Undergrad: 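Before anything else, here's the structure in question.
Only a predicted model underlies this, so the values are computations on that prediction, with no experimental measurement involved. Numbers here are sequence positions counted from 1.
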Amino acid sequence: MGWQFNSKEPVFLQIADRLRLGILRGDYGSPDTQFPTVRALAEASGANPNTVQRALAVLEEEGLLCTKGTVGRFVTDNTQTLQTAAESARREAVRKWLAEAKELGISAKTLIQYIQEEETT
């Protein structure tokens, strides 16, 4: 069926975000695991292979993926890069939550309270 994309940002960045999250969660295996091919990802996402290729290039630039000759792409085996990317993703998520809360007139303190309440339910 394909993945859902919004019209607010380029599709290749949305694909890169989704794949980055999957890498950081371990959805694609442990470090140094072969990554799915462009063709497989294009089929799964419903996106053009060139768009998927652009997304993978972003992840390679970030150091999350590496190419091994003609064998294909692999999740990096650099655990420091993975840890740094995971911390960056966590901080970005918190920044987004805070920005959305501020737009709704919710203070950081109240947001923390809401999170704690939700966690106990």
Undergrad: Are Ile15 and Arg54 packed together at the side-chain level, in the sense that at least one heavy-atom pair is separated by less than 4.5 angstrom?
TA: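 Not touching, per the 4.5 Å side-chain cut-off.
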
Undergrad: Can you pull the salt bridge (Lys or Arg N to Asp or Glu O under 4.0 Å) pairs that have at least one residue in residues 62-83, sequence neighbours excluded?
TA: Arg20-Glu62, Asp32-Lys68, Glu60-Arg73

Undergrad: Is it true that Leu64 and Leu41 fall in one hydrophobic cluster, defined by side-chain heavy atoms closer than 4.5 Å?
TA: yes

Undergrad: According to the salt bridge (Lys or Arg N to Asp or Glu O under 4.0 Å) rule, which pairs have a member within residues 100-114, sequence neighbours left out?
TA: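 Residue pairs with at least one partner in residues 100-114: there are none.
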
Undergrad: With a 4.5 Å cut-off on side-chain heavy-atom distances among I, L, V, M, F, W and Y, is there a chain of contacts connecting Trp97 to Tyr114?
TA: yes

Undergrad: Determine which pairs satisfy salt bridge (Lys or Arg N to Asp or Glu O under 4.0 Å) with at least one residue from residues 111-121, sequence neighbours left out, and list them in order.
TA: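 For residues 111-121, and leaving out neighbouring residues, there are no salt bridge (Lys or Arg N to Asp or Glu O under 4.0 Å) pairs at all.
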
Undergrad: May I ask you to test the Pro31-Leu82 pair for a side-chain heavy-atom distance under 4.5 Å?
TA: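 Pro31 vs Leu82: side chains touch.
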
Undergrad: Quick one: does Thr67's side chain have a donor or acceptor within less than 3.5 Å of a partner on Gly69's backbone?
TA: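 No: the side chain of Thr67 does not pair with the backbone of Gly69.
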
Undergrad: Taking side chain to side chain donor-acceptor pair (under 3.5 Å) as the definition, give me every residue that meets it alongside Thr81, ordered by chain and number, with sequence neighbours left out.
TA: Asn78

Undergrad: Which atom names give the shortest non-hydrogen contact between Ala42 and Val52, and what distance separates them?
TA: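 Taking Ala42 first and Val52 second, the nearest heavy atoms are CA-CG2, 3.7 Å.
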
Undergrad: Show the nearest heavy-atom pair for residues Phe5 and Ser45, with the distance to one decimal.
TA: CE1-O, 3.7 Å

Undergrad: What is the distance from atom OG1 of Thr51 to atom CG of Leu13, rounded to the nearest 0.5 Å?
TA: 11.0 Å

Undergrad: Just jot down the side chain to side chain donor-acceptor pair (under 3.5 Å) partners of Lys96, sequence neighbours excluded, or say none.
TA: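 With sequence neighbours excluded, Lys96 shows a side chain to side chain donor-acceptor pair (under 3.5 Å) to no residue whatsoever.
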
Undergrad: I'd like to check the side chain to side chain donor-acceptor pair (under 3.5 Å) partners of Thr110; sequence neighbours left out, ordered by chain and number.
TA: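 Partners of Thr110 under the side chain to side chain donor-acceptor pair (under 3.5 Å) test: Ser107.
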
Undergrad: Between the side chain of Gln14 and the main-chain N/O of Asn6, is any donor-acceptor distance below 3.5 Å?
TA: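 Yes; judged by distance alone, with no hydrogens or angles, the pair exists.
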
Undergrad: Could you tell me which non-hydrogen atom of Ala108 sits nearest to which non-hydrogen atom of Leu98, and how far apart they are?
TA: CB-CD2, 3.8 Å

Undergrad: Between Phe74 and Phe35, is the ring centre distance below 6.0 Å?
TA: no

Undergrad: Do Val75 and Val38 share a hydrophobic cluster (ILVMFWY, side-chain heavy atoms under 4.5 Å, transitive)?
TA: yes

Undergrad: Can you see whether Thr84 engages Gln80 through a side-chain donor-acceptor pair at a distance of less than 3.5 angstrom?
TA: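 Their side chains do contain a donor-acceptor pair, which is all the 3.5 Å distance test asks for.
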
Undergrad: Check Thr33 against Ser30 and note the closest heavy-atom contact, atom names and distance.
TA: OG1-O, 2.5 Å

Undergrad: Hey, quick one: are Leu21 and Leu59 part of the same hydrophobic cluster, counting side-chain heavy atoms closer than 4.5 Å, chains of contacts allowed?
TA: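 No, Leu21 and Leu59 fall in different hydrophobic clusters.
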
Undergrad: Would you mind telling me which of Leu65, Leu24, Val58, Leu56 makes a side-chain contact (heavy atoms from CB on, under 4.5 Å) with Leu19?
TA: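 So, applying the side-chain contact (heavy atoms from CB on, under 4.5 Å) to Leu19 and each of Leu65, Leu24, Val58, Leu56, only Leu56 qualifies.
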
Undergrad: Taking the basic N atoms (NZ, or NE/NH1/NH2) and the acidic carboxylate oxygens, is any pair closer than 4.0 Å for Arg91 and Glu87?
TA: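 Salt bridge: yes.
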
Undergrad: Any link between Val71 and Ile23 through a network of hydrophobic side chains (Ile, Leu, Val, Met, Phe, Trp, Tyr) touching at under 4.5 Å?
TA: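 Val71 does not cluster with Ile23.
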
